[in-house]
Amino acid sequence: MTDILAIIGDGDEIPDGPRPQGLSDKALLRIFSWLVLLRTFDERAVALQRQGRIGTYPMFWGEEATQAGPLFACDESDWLWPSYRQSAIGILRGLPASTPLLYRRGIGGAHGFWNPRTYRVAPICIPIGTHLPHAVGLAWAARMRGESLASLVWFGDGATSEGDFHEAMNFAAVFKAPVIFFCVNNQWAISTPVSRQTATETIAEKAVAYGMPAVRVDGFDPLACWSATRQALDRARTGGGPFLIEAYCYRLAPHGTADDPSRYRDEAEARRWRALEPVGRTAAYLRRLGVLDDEREEAARLEASEIMARAVEDMEAVERPGPAILFEPVYGSAMPWTLSEGLSSFPAEWVAGGA
Ligand SMILES: Cc1ncc(C[n+]2csc(CCOP(=O)(O)OP(=O)(O)O)c2C)c(N)n1
Ligand SMILES: [Mg+2]
């Protein structure tokens, strides 16, 4: 299980594999435009955090292929279960890009930050691995109701040390729940290397113990991620049960905007992995295929820039709530006097919002 499925070569020593069946030129360009949009979102979000316009942000730089690839294999009816590392995934399903930015400003609405039913995108999960049993439960319920949908759930290498991972894998396999367990093995859980996370050589091999198939793919290759997910979904939809995909890659960036990886790892190693990052690598591959040219690449970049410029404007047009938002949704009109009194001692402009 140590083999790694890859389709896109490095344009040098690693040759390209055969072009995957079932992906037209248009489809390939769409996947590329998704990669570019995700990259643009990520870069803008880091800049916004640095400028103090949004809060702490866990960037996904280099992990775009693990998001665009599997999502492209899904149907609209499938449910997506992001961790904090896939916080912008909804924008590929029609969620306004301002919404995940507003999440980083702590501003939501009646349904949280978005209504999960509208986009079939579950809320972003911050506690490690707790969304895995939820993804299984929803998929199992759908199976019992005869609905043809699957859950695609993302999590990291670190999450495989959580009980939730093992419980979800076991339950899904026993009850043949249509779930794609998509593990982004970026080899780091903040400062913990994957070698301190597990004694197995791969994450994929853990599936054997649960009676579930698994595959290891190049996590910097959107087409390998797509192909594995496609195969897993076909199986899940015909009652075959769950599948584990290990997307092997490397966390090219810090864990988040509050992290300094030079304190715990050799950054020269990260620089070596950068040569395989997915956006430039996919662009080069599509040019080798004759599918992408300067004009099309420029168009994808321009479209992404425009989407993000609008998103930033829309985000900043929403008035920031004051501190009362911490209490009002909980207590409604029955706010304890201690809190009302405490709030009234805040400067007026804080309470009214804006600060
Ligand atoms: C239950 C729980 N324990 C600890 C944390 C603190 N924490 C936040 S991110 C993280 C690392 C997770 O690493 P991994 O699963 O590999 O995902 P990655 O950050 O690499 O995407 C930890 C331990 C948490 N959010 N939830
Ligand atoms: Mg990790």
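Side-chain atoms are counted along with the backbone in the values below, which use heavy atoms only and exclude waters and symmetry mates. Numbering of ligands and ligand atoms starts at 1, following listing order.
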The Mg ion (ligand 2) has as its nearest N, O or S atom from D157 the atom OD1
Closest to atom 17 (O) of ligand 1 by heavy-atom distance, out of W154, Y84, F165, is Y84
Note to self: Ignoring hydrogens and geometry beyond distance, is a side-chain donor-acceptor pair present between S83 and Q86 at under 3.5 Å?
What the structure shows: yes
Quick one: do R288 and D16 make a salt bridge, cutoff under 4.0 Å?
yes
* **Nitrogen or oxygen atoms of I126 and ligand 1 under 3.5 Å apart** => yes
Smallest heavy-atom separation, R85 atom then P254 atom, equals NH1-O, 4.5 Å
Here the atoms of ligand 1 under 4.0 Å from any heavy atom belonging to A159 are 15 (O)
Any link between L302 and L37 through a network of hydrophobic side chains (Ile, Leu, Val, Met, Phe, Trp, Tyr) touching at under 4.5 Å? no
With nothing but distance in play, are any N or O atoms of E63 less than 3.5 Å from an N or O of ligand 1?
no
Kindly confirm whether the Mg ion (ligand 2) is within less than 2.8 Å of some N/O/S atom in Q187? no
Atom 21 (O) of ligand 1: closest protein heavy atom, distance to 0.1 Å, is R85 NE, 3.0 Å
Is the Mg ion (ligand 2) under 2.8 Å from any N, O or S atom of V184? no
Next on the checklist: Checking Y264 against W188: is there a side-chain donor and acceptor pair closer than 3.5 Å?
Outcome noted: no
Exercise for review: Anything under 30° is parallel, anything over 60° is perpendicular, the rest tilted; go ahead and classify W273 against F220.
Suggested key: tilted
Ring geometry between Y210 and F165 (parallel below 30°, tilted from 30 to 60°, perpendicular above 60°): perpendicular
With rounding to 10 degrees, W188 O, the Mg ion (ligand 2) and N186 OD1 define an angle of 80°
Heavy-atom count around E269 CD within 6.0 Å, excluding the residue itself: above 12? yes
A student checking ligand 1 against P127 at a 4.0 Å heavy-atom cut-off should list atoms 26 (N)
The atoms of ligand 1 lying under 4.0 Å from a heavy atom of N186, numbered in the order shown, are 18 (P), 20 (O), 21 (O)
State whether a side-chain donor-acceptor pair under 3.5 Å links N186 with E63. yes
Logged contact type for W188 with ligand 1, heavy-atom cut-off 4.0 Å, is backbone
In this structure, atom 26 (N) of ligand 1 is nearest to the protein heavy atom I128 N, 3.0 Å
Worksheet entry | Flag: protein heavy atom within less than 4.0 Å of atom 12 (C) of ligand 1 | yes
Are any of the side-chain nitrogens in R251 or D259 under 4.0 Å away from the carboxylate oxygens of its partner?
yes
Contact region, H255 to ligand 1, non-hydrogen atoms below 4.0 Å, reads side chain
Next on the checklist: Below 30° counts as parallel, above 60° as perpendicular, anything between as tilted: where do the rings of F41 and F60 land?
Outcome noted: parallel
One finds that the ligand 1 atoms under 4.0 Å from a non-hydrogen atom of G158 are 14 (P), 15 (O), 16 (O)
closest protein heavy atom to atom 22 (C) of ligand 1 is I190 CD1, 3.7 Å
